[in-house]
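Computed from a predicted structure; not experimentally measured.
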Number of protein chains: 2
Amino acid sequence: MNSPTMRSSTKPTGLDCRLAVLGSDVRLTPHRREVFDVLASSTDHPTAYDILDRVKSRSPHISLATVYNCLEHLTTHGLIKQVHLDRGQSRYCANLHEHIHFHCETCGKVIDAHPAADFDPAKFWNFPKGTKVTRMEIAIHGTCETCTAKH
Amino acid sequence: MNSPTMRSSTKPTGLDCRLAVLGSDVRLTPHRREVFDVLASSTDHPTAYDILDRVKSRSPHISLATVYNCLEHLTTHGLIKQVHLDRGQSRYCANLHEHIHFHCETCGKVIDAHPAADFDPAKFWNFPKGTKVTRMEIAIHGTCETCTAKH
DNA sequence: ATTAGAATTAGAATGATTCTAATCATAGTG
DNA sequence: CACTATGATTAGAATCATTCTAATTCTAAT
């Protein structure tokens, strides 16, 4: 679990709690924190609607627009990752380690898979000299071990 | 270029031209063939709208719905591939070789990259025993060599 | 010729996401 | 402590790609 550490340089009075992550400075309002907390305690890659449902148990008045705003904010500041599977609804995850997603086409579940230590994309796909890689999005589709076992 | 070979077992009278691809039997109507031809002669991963524009020069009355139908048909029969980049519009390509996509975030271009001969996904991401992989969708985002050179 | 089964069509419907405009809250300033 | 600028939040409208619907047309096999 990636729990960014609390910053003390700016006094955190009222809503102005901040997290220092990857060098950037993120202002965490109560809603943003709730959205982040929901995600940090989820391993199922929820959609914006899923997150809305879960956050509602603490903040019944939160709106879908706010959830989208929070997710956008958290994503652009590197606190969470947006996950895409084909053209389905965006999903989100708080696992910031380099990883890919396995999608079971039978039960629909999405699980993280972490690369071997020596994994280097440029080594396996010959990009022209000078190509700069900033981001990889890798989705593997198939049947998970549980569904395979069920035959 | 992958040009599936014409089949002669069923006499191809009128519209009933067929292509034998990967063991399945695909009926190619004129629209389907035009969509396929447009795609086979494109290397820029056009969207459904791009394809509509290009096919219109030959069939001015073709509709977007038909383009979508044709693309769907060709995709499910394995003649073309649907490409997803984040949640953007679906793109299509006729390159059936195992490959991934590089997306330049500066100029927007999408290029194919082919894996090294010894590439094996299961080797780099530790999936649980029994996991079956049927499909991989890999997108690498960054800056292409042209845009990098332009500084 | 007739018929059954597809293909094609225009336009409506859907569904995820983004935008808009208004309201509210906070932090910093005098 | 008021005041103000900035940003957060909201409901609902708008957008956009895609899918669906229902009607029409085409084709291939009787």
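Taking atom CG of residue A:L64 and atom P of nucleotide D:dG12, one finds them 13 Å apart after rounding to whole Å. Between B:K56 atom NZ and C:dT9 atom C1' the separation is 13 Å, expressed in whole Å. Going from atom CZ of B:R32 over to atom P of C:dA7 covers 4 Å, rounded to whole Å. Look at CZ on A:R91: it is 12 Å from P on C:dA16, rounded to the nearest Å. A:L28 has its CG atom 15 Å from the P atom of C:dT26, to the nearest Å. Per the geometry, CG belonging to A:L71 stands 14 Å off P belonging to D:dA8, to the nearest Å. Taking atom NE2 on A:H77 and atom P on D:dA8, their separation rounds to 9 Å, with Å as the unit. Atom pair A:N69:CG and D:dT9:C1' shows a separation of 8 Å (rounding to whole Å applied).
Of the nucleotides present, C:dA1 is the one that pairs with D:dT30 by Watson-Crick or G-U wobble criteria, both distances under 3.5 Å. Pairing for D:dC20 goes to C:dG11, judged as Watson-Crick or G-U wobble with the two contacts each under 3.5 Å.
With distances taken from any side-chain atom of B:A65 to the nucleotides C:dT8, C:dG11, C:dT17, the minimum falls on C:dG11. Of the candidates D:dA8, C:dT9, D:dT18, the closest approach to any side-chain atom of A:T29 belongs to D:dA8. Side-chain proximity of A:Y68 to C:dA16, C:dT8, D:dA17: nearest is C:dA16.
Look at A:T66 and you won't find any side-chain N or O under 4.0 angstrom from OP1 or OP2 of D:dA8. A close approach under 4.0 Å does not occur between any side-chain nitrogen or oxygen of B:R87 and OP1 or OP2 of C:dA16. Between B:S90 and the phosphate of D:dT18, there is a side-chain N or O to OP1/OP2 separation shorter than 4.0 Å. Residue B:R27 places no side-chain N or O under 4.0 Å from the OP1 or OP2 atom of C:dA6. Look at B:H61 and you won't find any side-chain N or O under 4.0 angstrom from OP1 or OP2 of C:dA10. Contact annotation: A:H73 side-chain N/O to D:dG7 OP1/OP2 distance is not under 4.0 Å. Checking the phosphate oxygens (OP1, OP2) of D:dA11, a side-chain nitrogen or oxygen of A:S63 falls inside 4.0 Å.
Classification of B:E145 and A:K132 as a salt-bridged pair fails, no side-chain N sitting under 4.0 Å from a carboxylate O. With salt bridges taken as basic N to acidic carboxylate O contacts below 4.0 Å, none links A:R58 and A:D53. A salt bridge is defined here as a Lys NZ or Arg NE, NH1 or NH2 lying under 4.0 Å from an Asp or Glu carboxylate O, and A:R32 with A:D37 fails to meet this definition.
Contact check for B:C144 versus B:T106: no side-chain heavy atoms found under the 4.5 Å cut-off.
Checked against the 6.0 Å centroid threshold, B:H45 and B:H101 count as a close aromatic pair.
Contact annotation for A:T47: no contact, since no heavy-atom pair falls under 4.0 Å across all strands.
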Verdict with supporting geometry, A:K56 and A:I62, side-chain contact (heavy atoms from CB on, under 4.5 Å): CA-CA 6 Å; A:K56 264 186 176 165; A:I62 195 170; 4.2 Å; yes
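Each of B:C70 and A:G88 has a nearest nucleotide on DNA chain C; the 5'-most of these lies closest to B:C70.
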